[in-house]
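What you see is a predicted model; the values in this text were computed from it and never measured. Whatever order the structure lists them in is the order used to number ligands and atoms, beginning at 1.
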Amino acid sequence: MRRKPEPTGLLFEEPEEVLAAAPSVCGDFYAEVAIQRPLDCLFTYSVPLELRARVEPGVRVAVPFGHKREVGVVVGTRAAPPAGAPRLKPLFSVLDEEPLFDAAMLQLTRWMAEEYACSWGEALSAVMPSALKREAGARQVVMIRLREELDEERAAALEKSQPKQFRMLRTLRELEGPIELRELCRRLNVTEGVGKSLARGGFAWIERVVSRNDPLATSSVQRRRPDALTHEQQAAVTTLEAALADGKGGAFLLQGVTGSGKTEIYLRLIESALAAGKGAIVMVPEIALTPQTVGWFRSRFGEVAVLHSRMTDAQRRAMWLSVKHRRTRVVVGARSAGFAPVPDLGVIVLDEEHEPSFKQESTPRYHARAVALRRAAQANAVCVLGSATPSLESWQAAQEGRLKRIVLRERVQGIRLPPIEVLDLRQEKSDHPGPPLFTRRLLELVGGALERGEQAILFQNRRGFSPVLWCAACGETVRCSQCDSNLTFHRRIARVVCHSCCEELPVPRACPMCTAPNPRHLGAGSERVELLVKKLYPAARVQRMDSDTMLRREDYEDALERFGRGEIDVLVGTQMIAKGLDFPRVTVVGVVNADQALHLPDFRASERTFQLLAQVAGRAGRGLLDGRIVVQSATPSHPAIVAAAKHDYEGFARAESRLRAELGYPPHGRLLRTVIDSEDLGKLDEVAQAVGKLLREAVGTAAQVLGPAEAPIALLRGRHRKHVLVKARRDSDGVERARAALRAYAVPHAKVRVSIDVDPVSML
Ligand code: ADP
Ligand code: ZN
């Protein structure tokens, strides 16, 4: 997106004369620099004589930019300035002794910029650990904690005068120790200034600590290396090792039911890679990056570099350098681990490849799967996409031979997949209007497990007590003033909360629309489920796991450990509990309401529901005890639910794929989504219309342009939102044309934002 008139820019053209590593000492010497700004061009600087020996592609440099000093990355050098360029400014300094990015990484980021419509500098910034971005070295961690002696009266007064500080204070009171300020602010959607004000006001302490101990760095969880692989595992390893050995690599879809031992296959493949002197990257969803997961890899390979979002900058930098210098050959991490500078890369694993969190939802909006495939192809490495329920994109790619598919049908040790019972909530008698929260059958099963000393998991993918406050008099629901969303009642804090912007209010005693008293609490979130379970089974030890109770990563890990040791009987939670848990004593898994995700205005709603059900179902009967799974639904005949109940991934994928083909949606078509947002509805409208027209002209008959229309979330944090969708056949150049047109488009109003999302995952 162009925001300013073009500077000395080259629009991603190769510099005409690229110099070899050793520049001539006489004559001119220029550097092409990519800067982390949304400007679709490179900037050329002259290189002072004394810096020439150190300027080469991949090093960072400090450069003058307007009146500021910026850090950029040299992506090319040249002997002559671009034709017609004004006199070029000299760069200030070179920040690295050796290039941080090699040629392959420069190529990869350039592809990202092109593919996801951002600047090269923005793509590089996704790759670069943040400590490296700034010129200064390590940054300390800022922690905040509650002061012991609190002036209750002044604290209460904050509620009216400083609602954000009040919110933070309230949260701090629920924690037992300090929390990283950055993390807390992200959770509460406030700036760090709020915490500083709290400290100044005498409510909290802020302290800087040099390095926090990283639980993932010292995890001691072991995974025994099984003596023998199952036949299916062995066949998979043989195929993958052959691809590794022949030096050409390849892209594989490892489709294996939960508990089929996919992790062991990754481990063996990585062993082979290491034996051949090659390195490996394993990506897992952020939530699955637990001491357990990391421990498996560490117990097999000794040192493993872990890259995750909660590391300090200094830790991140140390990891990055250790990997770059071959001291550590295996990297485990979330999305961004895909960029770890592993030399001689042999293997890239993307586990749970269907997970939406592999798509980054801010610029650059890349998908880790696409990056992994691209990077593996560049390096002739083996790329393994693993899942029990592959995304339809990967499934289709396997159908067409773009991915080689390996299927694991059996669980290890012959443990069978537990039967799934679907219970119709509409058939169930209830003593109040509307369907009950639990069916009698589910209650029986949970009760039985508790009597036998086994464990149960209850899944409800929604936080809070009740998601809707509804006025029976006027039929309206209580909504956020800044967002197009209902306020959720949270009982423990006795407030209503907007899940979009985190704003919270006292519970209204009367309907804000018609003033009728006592709006009703409809529906149930995890908090309500927890309370009801406690009431029904007073002797059971119940733990709720959602982002309200698990504010800190340590809390989450601690709860999982207690569950593993049998100190918790029933785990109630949101999708936080659907992932990567492996507890043999769990024999009952209940999905309290399977319909929630089905009604989202997103063409992937069915797919998500199927995946979530399969994932949750995979939690039961992992050990030798038999498991039972109960899925409660008010639409039990929905194809996604029927297929999930039969463990029939193929049947689901085939039917869903046909439906998508009819509608032209991925995997059969490609999408490009443009979201336009602004506080000013008039200007928003004007830009949205212009974007729609621009896109229609640009794509012609190569694609269909839908909209502009209101986005499903039409108001977010006080900004109105519209979107335009480009739907192109996969064999057309519709997306490319749309992208090019948008990049050349200059938004006429400063306060209107236009964001481009290529191959979007979220449609809200
Ligand atoms: P998936 O990732 O496919 O859901 P996991 O890799 O978590 O499955 O494996 C499930 C369980 O089976 C783990 O506890 C693992 O230690 C065990 N396991 C894996 N392979 C074998 C094997 N060949 N023999 C015995 N146990 C195995
Ligand atoms: Zn809101």
Side-chain angles (χ1 to χ4, degrees), residues 163-164 167 188-190 221-237 253-270 282 284-285 288 290 292-293 295-297 299-300 349-355 384-390 406-418 464 467 477-488 495-505 564 578-586 611 614-625 627 647 649 713-721:
K164 286 183 178 154
R167 201 156 85 207
L188 299 176
N189 188 30
V190 296
V221 183
Q222 300 274 320
R223 185 166 209 160
R224 208 177 53 81
R225 187 175 194 275
D227 304 324
L229 296 179
T230 65
H231 285 299
E232 286 184 331
Q233 280 177 320
Q234 186 56 60
V237 170
L253 174 63
L254 179 62
Q255 183 183 334
V257 297
T258 50
S260 58
K262 295 187 286 295
T263 310
E264 188 57 37
I265 295 173
Y266 308 149
L267 290 166
R268 300 269 168 143
L269 179 63
I270 294 170
V282 181
V284 300
T290 58
Q292 197 180 33
T293 314
W296 294 337
F297 287 89
S299 65
R300 288 289 266 278
V349 171
L350 192 76
D351 192 30
E352 309 286 5
E353 67 87 31
H354 61 278
E355 267 299 305
V384 185
L385 309 179
S387 175
T389 53
I406 302 174
V407 184
L408 309 174
R409 290 186 176 78
E410 310 264 302
R411 290 184 135 188
V412 289
Q413 300 173 328
I415 302 163
R416 61 195 176 84
L417 282 167
T477 56
V478 179
R479 303 170 78 76
C480 176
S481 62
Q482 295 296 302
C483 305
D484 177 23
S485 65
N486 286 323
L487 295 177
T488 298
R495 320 197 102 215
V496 288
V497 179
C498 171
H499 286 183
S500 296
C501 70
C502 305
E503 218 57 72
E504 54 179 56
L505 296 167
K579 305 274 144 52
L581 305 183
D582 190 355
F583 297 110
R585 294 203 64 80
V586 173
Q611 285 162 346
Q615 208 89 53
V616 175
R619 302 301 123 218
R622 299 276 280 195
L624 292 170
L625 300 167
H647 297 291
Y649 172 81
I713 297 176
L715 182 68
L716 187 62
R717 301 189 176 117
R719 296 178 72 92
H720 299 278
R721 304 168 79 238

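Distances shorter than 2.8 Å separate the Zn ion (ligand 2) from the protein N/O/S atoms C480 SG, C483 SG, C498 SG, C501 SG.
At a 3.5 angstrom cut-off on N or O pairs, G256 does not count as close to ligand 1. At a 3.5 angstrom cut-off on N or O pairs, K262 counts as close to ligand 1. At a 3.5 angstrom cut-off on N or O pairs, A228 counts as close to ligand 1. Between T258 and ligand 1, no N or O atom pair is found at a separation short of 3.5 Å.
In A388, neither the side chain nor the backbone holds a heavy atom less than 4.0 Å from any atom of ligand 1. The part of V412 lying near ligand 1 is the side chain, judged by heavy-atom distances below 4.0 Å. Contacts of D351 with ligand 1, taken as heavy-atom pairs under 4.0 Å, are absent altogether. Only side-chain heavy atoms of Q233 come within less than 4.0 Å of ligand 1; its backbone N, CA, C and O stay farther off. Looking at S260 against ligand 1, both its backbone and its side chain come within 4.0 Å, counting heavy atoms.
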- request: Take R717 and E503 through the salt bridge (Lys or Arg N to Asp or Glu O under 4.0 Å) test and state the conclusion after the steps.
  value: CA-CA 9 Å; R717 301 189 176 117; E503 218 57 72; over 6 Å; no

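The side-chain hydrogen bond (donor to acceptor under 3.5 Å, both in side chains) test with S387 singles out one residue from K262, E352, H354, and that residue is H354.
The CZ atom of R268 sits 6.0 Å away from the CZ atom of R300 when rounded to the nearest 0.5 Å. Interatomic distance, I265 CD1 to T230 OG1, rounded to the nearest 0.5 Å: 7.0 Å. Remark: L254 CG to L350 CG distance equals 12.0 Å, nearest 0.5 Å. Rounded to the nearest 0.5 Å, atoms CD (E504) and NZ (K164) are 11.5 Å apart.
The atoms of ligand 1 that sit less than 4.0 Å from any heavy atom of V257 are 3 (O). Near L229, with a cut-off below 4.0 Å to any heavy atom, the atoms of ligand 1 are 23 (N).
When atom types are taken as modelled, the side chain of D351 and the backbone of V284 share no donor-acceptor pair closer than 3.5 angstrom. Put simply, the side chain of R721 never gets that close to the backbone of L716: no donor and acceptor are under 3.5 Å apart. Y649 places a side-chain N or O within 3.5 Å of a backbone atom of P390 that can act as its donor or acceptor partner. When atom types are taken as modelled, the side chain of R167 and the backbone of C502 share a donor-acceptor pair closer than 3.5 angstrom.
Closest non-hydrogen pair, Q233 versus L408, comes out as N-CD2, 4.2 Å. Counting all heavy atoms, side chain and backbone alike, I406 lies closest to A236 at CG2-CB, 3.7 Å.
In this structure, D227 does not count as a contact residue of ligand 1, since none of its heavy atoms falls inside 4.0 Å of the ligand.
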